[in-house]
Amino acid sequence: MVTSDDIRTILGSNEALAPVAQQISEDDSLFDRGLDSFGSVQLMLALEERFGIEFPDEFLTRRSFSTIRAIRETVSAVLQSVAA
């Protein structure tokens, strides 16, 4: 199970988001908070490493990494497809 705290911990290692990672709500735009394209790639790689997954191409969209809720749902969907 993927929790918002798991995501916030990973966001805390992202240079742009580290100072605000614990204050970001479920639906705050991470891109409005400072996440850029380079940071989103770093975030994706950190998520893959933490959860032992690889994001399929259809999940590699801006929306998948736009909020904590979107990330949690995306990671959960990938984990479910791996388990099936």
My understanding is that only residues two or more places apart in sequence, or in another chain, count here; which of them pass side-chain contact (heavy atoms from CB on, under 4.5 Å) with Asp32? Ser29

Can you tell me which residue among Thr74, Val78, Val75, Leu47 is in a side-chain contact (heavy atoms from CB on, under 4.5 Å) with Ser64? Thr74

Could you report the tightest heavy-atom contact between Ser37 and Ser40, atom names first, then the distance? O-OG, 2.8 Å

Can you list the residues that meet the ring-ring contact (aromatic ring centres under 6.0 Å, His included) rule with Phe55, with sequence neighbours excluded? Phe65

So, taking the atom named CZ in Arg69 and the one named CD in Glu26, what distance separates them when rounded to the nearest 0.5 Å? 4.5 Å

Could you report the tightest heavy-atom contact between Ala16 and Gly34, atom names first, then the distance? CB-O, 3.4 Å

Indicate the atoms forming the closest heavy-atom contact of Gln23 with Arg33, along with that distance. O-NH2, 4.0 Å

Arg62 atom CZ, over 12 foreign heavy atoms within 6.0 Å: no

Ser76 (side chain) donor-acceptor with Glu73 (main chain) under 3.5 angstrom: no

Stepwise, does the side-chain contact (heavy atoms from CB on, under 4.5 Å) test hold for Ile71 with Ile10? CA-CA 11 Å; Ile71 293 169; Ile10 293 167; over 6 Å; no

Interatomic distance, CG@Leu45 vs CD@Glu54, rounded to 0.5 Å, equals 10.0 Å

Can you confirm whether Glu49 is buried at CD, in the sense that more than 12 heavy atoms of other residues, nucleotides or ligands lie under 6.0 Å from that atom? no

pair Asp28-Val20: side-chain heavy atoms closer than 4.5 Å: no

The residue among Leu30, Ile24, Val2 that forms side-chain contact (heavy atoms from CB on, under 4.5 Å) with Ile7 is Val2

Thr3/Asp6 under side chain to side chain donor-acceptor pair (under 3.5 Å): CA gap, chis, key distance, verdict: CA-CA 5 Å; Thr3 68; Asp6 292 331; 3.1 Å; yes

Can you give me the closest heavy-atom contact between Arg72 and Ser4, atom names plus distance? NH1-OG, 3.0 Å

Please identify each residue that fulfils side-chain contact (heavy atoms from CB on, under 4.5 Å) with Asp36, with sequence neighbours left out. Phe38

Hey, what do you get for CE (Met44) to CG (Leu60), rounding to the nearest 0.5 Å? 6.0 Å

